[in-house]
Amino acid sequence: GIPEIKCYLNGIDLPRVVDVKTLFCKVVGVTFSVAAGLPVGKEGPMVHSGSVVAASISQGGLPACPGNGADKSFSRFSDFRNDREKRDFVAFGGAAGVAA
């Protein structure tokens with residue numbers, strides 16, 4: 001949620017906080033929580049999800065659709081594969097999550 005992303009942006013290295021597996025678990029957990037009728041906030045999961053997607057894009061972690069001829073190596077993002085730029089992408093993704 002928001003506290004984990006705030007820690008990450010402040011320089012604390014939390015293991016696997018912006019991992020695609022974390023995104024999958026978060027989506028499944030929130031889906032079942034809402035289906036069960038539990039009160040779940042929407043801002044925290046959206047901020048975390050946006051941050052994970054942005055971090056994955058900056059590191060080349062989200063594959064393109066196969067067979068469409070798109071650049072699957074994300075070579076355009078090779079300049080952004082350092083920690084400082086990844087934190088910027090995480091901040092942008094968190095802002096997009098709040099806006100969504």
Side-chain angles (χ1 to χ4, degrees):
I2 295 173
E4 290 87 3
I5 298 302
K6 283 174 62 176
C7 288
Y8 184 80
L9 291 176
N10 284 325
I12 298 171
D13 190 24
L14 298 172
R16 297 180 298 276
V17 73
V18 289
D19 192 18
V20 177
K21 190 183 291 186
T22 305
L23 174 66
F24 176 74
C25 293
K26 171 90 55 181
V27 168
V28 169
V30 169
T31 302
F32 285 129
S33 297
V34 170
L38 298 174
V40 179
K42 61 182 178 182
E43 289 85 9
M46 290 299 289
V47 167
H48 199 168
S49 299
S51 298
V52 170
V53 169
S56 297
I57 288 173
S58 74
Q59 301 301 303
L62 293 177
C65 296
N68 64 359
D71 182 16
K72 294 179 182 69
S73 66
F74 283 93
S75 62
R76 293 182 184 169
F77 293 106
S78 62
D79 295 335
F80 301 119
R81 291 198 177 133
N82 59 32
D83 195 46
R84 187 175 135 220
E85 298 294 335
K86 183 177 179 181
R87 290 187 197 280
D88 287 343
F89 268 77
V90 168
F92 300 151
V98 169

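Predicted model, so just to flag it, every value in this text is computed and none were measured. Hydrogens, waters and symmetry mates are skipped; everything else that's a heavy atom, side chains included, is used.
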Counting C-beta onward and ignoring hydrogens, is there a side-chain heavy-atom pair between Lys86 and Tyr8 closer than 4.5 Å? yes
Can you give me the closest heavy-atom contact between Ser33 and Gly29, atom names plus distance? OG-O, 2.8 Å
Applying the 4.5 Å side-chain criterion to the ILVMFWY set and letting contacts propagate, would Phe24 and Val30 be lumped into a single cluster? no
Hydrophobic cluster membership, with links at side-chain heavy-atom distances under 4.5 Å among I/L/V/M/F/W/Y: are Leu9 and Val17 in one? yes
Interatomic distance, Asn10 atom CG to Arg87 atom CZ [nearest 0.5 angstrom]: 9.0 Å
Asp19 versus Val52, closest heavy-atom pair with distance: O-CG1, 3.3 Å
Going hydrophobic residue to hydrophobic residue with side-chain gaps under 4.5 angstrom, can you get from Leu23 over to Val40? no
Are Val98 and Phe92 in one and the same hydrophobic cluster, where Ile, Leu, Val, Met, Phe, Trp and Tyr link if side-chain heavy atoms are under 4.5 Å apart? no
For Lys26 and Ser49, the nearest pair of non-hydrogen atoms, with its separation, is CG-OG, 4.4 Å
Shortest non-hydrogen contact from Ala54 toward Gly93: CB-CA, 3.7 Å
If you take all heavy atoms of Phe89 and Ser58, which pair is closest and at what distance? CG-CB, 3.5 Å
So which heavy atom on Glu4 is nearest to which on Leu14, and how close? O-CD1, 3.8 Å
